[in-house]
Each structure stands twice: as C-alpha cells, then as structure tokens.
Amino acid sequence: MRLERSFFERHTPSVARDLLGCTLVRKSGRRVISGRIVEVEAYRGSDDPASHSYRGKTARNSLMFGEAGHVYMFFIYGNHWCLNFTAEPEGRKPGAVLVRALEPVEGIGEMAKNRGTSDTVSLTNGPGKLTQALGIDGSFYGEDLVTSERLFVLSAESPVRRAVSSRIGVSQGHEQKWRYFVKGNRFVSKGHPSRVKDVSE
DNA sequence: CACCCGATTATCT
DNA sequence: GATAATCGGGTGT
C-alpha cells in the first residue's frame with residue numbers, strides 16, 4: 001500500500017524510523033525500479049544546526065516548511081542529488097528525511113546501467129548513488145509522493161531490525177541520534193567510520 | 001582499513 | 001567568496 005499523507009505528518013524522527021523497510025518505487029513508462037529503504041536520517045527545524053532549515057526559510061528550503069509528503073531535492077558538492085521527504089504537520093516545524101541507502105529490489109539491470117557499475121552493493125548504498133541508480137534528479141523537486149505516478153513509497157511488509165546512530169557527514173548536531181538503519185543489512189552505507197561508533201539499539 | 005584529496009556548482013553571506 | 005546531509009580514486013600501513 002502506498003504511504004498516505006498522514007504517515008508524513010508526524011515528528012520527523014518517527015517518520016524516518018518508520019520508513020525503514022518501506023519500498024521506494026520509481027516508474028517511467030513501463031519501467032520500474034525499486035528498492036527497500038534501509039538507511040535514513042532526520043533533519044528538523046530551528047533546533048537542529050545540521051538542518052538546511054535551521055536558519056529560517058530560504059528559496060532552497062521552503063519546501064521543508066510546507067505540506068508533508070513532498071520530495072525535497074538538493075544538489076551537493078557539485079556532483080550529487082540527494083532525495084528527501086518532507087515531514088511534520090504543516091505549520092509546525094520544518095522537517096525532512098534524507099534517504100541514504102536502498103536494497104535493490106526491481107530493475108537491477110537498469111540501476112547498473114545508470115550507475116555504470118555491475119557491483120550490486122555499490123548501486124544504492126549512499127544518498128548520491130541511489131538517486132543516480134533510480135534516475136532521480138532536480139526535476140523531482142516538489143513532487144508529491146502521495147499522488148505522483150513516477151515516484152512513491154509502499155509500506156513495509158515485514159518488520160525490520162532497526163539501529164540508530166548520530167548522522168553522517170554533518171559538522172554540527174552530533175548529539176542527536178537521528179540516523180536510522182536496518183541492522184546487519186549489507187546495503188547500508190559505510191559512512192564515516194569515526195561517526196558510526198556510537199551505534200546503539 | 002585509515003586517511004587524503006579533487007571534482008564541481010547551487011545557494012547563502 | 002565560502003561552504004556543503006558525497007563519491008571515487010589514490011596512497012600508505
């Protein structure tokens with residue numbers, strides 16, 4: 001079942017945690033590429049120095065202040081697109097969940113073509129990699145996951161073992177343990193080893 | 001495995 | 001003008 005609006009209209013870390021095990025589906029014509037979400041991070045509001053919305057509303061982050069369940073894309077380090085889902089009830093705090101890793105399900109051949117590699121593990125084990133594998137770019141900025149024909153999320157079919165840590169790649173906001181991943185899954189990104197130490201259940 | 005670095009550009013100060 | 005929620009390739013241990 002496709003996730004509906006109410007799923008996203010909650011506390012951002014809860015949305016992030018519950019996205020683990022859900023399936024991200026990318027459709028273009030007859031082609032379907034999909035993967036299970038195995039790693040995410042929450043970014044939230046004026047109390048989170050690592051969030052793009054920390055310093056208030058700007059042209060780039062305005063979507064994080066709007067209706068939940070939309071796609072927030074940003075381009076980083078001159079190379080990569082990162083995929084985020086907006087969260088929180090509208091009018092409350094700005095919030096978004098970064099999708100960091102997928103376990104490939106459908107369209108693996110297509111992913112390999114998009115990524116230019118045949119190494120299955122490295123197809124989708126990072127935020128910049130999975131967008132490339134699924135053919136998701138800046139044109140998806142603002143896409144509504146609740147109604148879109150080309151990008152949406154299906155609810156989890158079976159429970160997953162979750163683990164938590166501080167977030168990867170951020171220079172501030174280490175105290176918050178807002179990275180969630182599926183324990184033991186080989187498609188979880190390696191991240192920065194020094195920042196993955198404080199893993200807890 | 002640990003560390004280092006260059007690529008490359010939108011966005012904000 | 002500086003910075004960045006990354007990646008891949010390199011070197012050295």
Side-chain angles (χ1 to χ4, degrees), chain A residues 8 11-17 19-20 24 35 37-66 68 70-88 93-102 104 111-143 163-182 186-199:
Chain A
F8 299 99
H11 185 221
T12 308
S14 304
V15 174
R17 182 197 59 213
L19 277 168
L20 292 181
L24 177 66
I37 298 173
V38 296
E39 180 183 356
V40 292
E41 283 176 359
Y43 290 87
R44 182 179 183 253
S46 49
D47 48 1
D48 177 6
S51 175
H52 288 168
S53 56
Y54 181 52
R55 291 168 203 289
K57 203 167 174 176
T58 65
R60 175 173 67 160
N61 68 25
S62 62
L63 222 71
M64 289 175 75
F65 293 78
H70 287 256
V71 170
Y72 168 55
M73 299 296 297
F74 67 88
F75 194 60
I76 192 80
Y77 297 115
N79 292 311
H80 312 285
W81 285 104
C82 291
L83 171 69
N84 300 255
F85 306 151
T86 60
E88 299 287 327
K93 295 195 175 237
V97 177
L98 169 67
V99 182
R100 288 194 55 89
L102 300 176
M111 291 188 198
K113 197 187 301 173
N114 292 342
R115 291 272 301 122
T117 175
S118 54
D119 174 17
T120 313
V121 172
S122 68
L123 290 178
T124 53
N125 66 342
K129 299 180 190 177
L130 69 92
T131 53
Q132 189 180 24
L134 271 64
I136 302 172
D137 59 20
S139 73
F140 284 78
Y141 187 91
E143 193 88 2
V164 178
S165 82
S166 58
R167 294 169 294 184
I168 293 173
V170 302
S171 50
Q172 301 171 81
H174 281 258
E175 38 321 323
Q176 279 135 142
K177 303 291 190 295
W178 281 356
R179 171 174 176 253
Y180 301 89
F181 57 99
V182 175
R186 69 198 181 104
F187 295 94
V188 169
S189 77
K190 296 293 171 247
H192 210 345
S194 63
R195 292 180 182 153
V196 183
K197 274 181 186 160
D198 56 325
V199 170

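Naming: A, B, ... by sequence-line order, numbering from 1 per chain.
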Any side-chain heavy-atom pair of Val40(A) and Phe85(A) under 4.5 Å: no
Arg60(A) side-chain N/O to dT9(B) phosphate OP1/OP2 under 4.0 Å: no
Stacked pair Tyr77(A)-dA7(B), distance under 5.5 Å, angle under 30°: no
Separation of atom CH2 in Trp81(A) from atom C1' in dA10(B), rounded to whole Å: 8 Å
Among dT8(B), dC7(C), dA5(C), the nucleotide that comes nearest once only the side chain of Met64(A) is considered: dA5(C)
Min side-chain heavy-atom separation Pro94(A)-Asn61(A) under 4.5 Å: no
Distance in angstrom units between His80(A) NE2 and dT6(C) P, rounded: 9 Å
Between C1' of dA5(C) and OH of Tyr54(A), the distance in whole Å: 16 Å
Pair up each side-chain donor or acceptor in residues 72-83 of chain A with any protein partner under 3.5 Å, not counting sequence neighbours, and list the distances.
{"unit_1": "Tyr72(A)", "atom_1": "OH", "unit_2": "His52(A)", "atom_2": "ND1", "d": "2.8"}
{"unit_1": "Asn79(A)", "atom_1": "ND2", "unit_2": "Tyr77(A)", "atom_2": "O", "d": "3.1"}

Atom-pair distance (CD1 on Ile76(A); P on dC12(B)), nearest Å: 12 Å
Distance below 4.0 Å between Arg115(A) side-chain N/O and dC7(C) OP1 or OP2: no
Heavy-atom closest pair, residues Glu39(A) and Ser189(A): OE1-N, 2.7 Å
Shortest non-hydrogen contact from Ser53(A) toward Arg44(A): OG-C, 4.5 Å
Per Phe75(A) side chain, nearest of listed nucleotides dC12(B), dA4(C), dA10(B): dA10(B)
Gap between atoms CE and P, on Met73(A) and dA4(C) respectively (whole Å): 20 Å
For DNA chain C, stems built from three or more consecutive Watson-Crick or G-U wobble pairs below 3.5 Å: B:1-7 with C:6-12, B:9-12 with C:1-4
Under 4.0 angstrom between Thr58(A) side-chain N/O and dC12(B) OP1 or OP2: yes
Donor-acceptor side-chain pairing of Ser51(A) and Asp48(A) below 3.5 angstrom: no
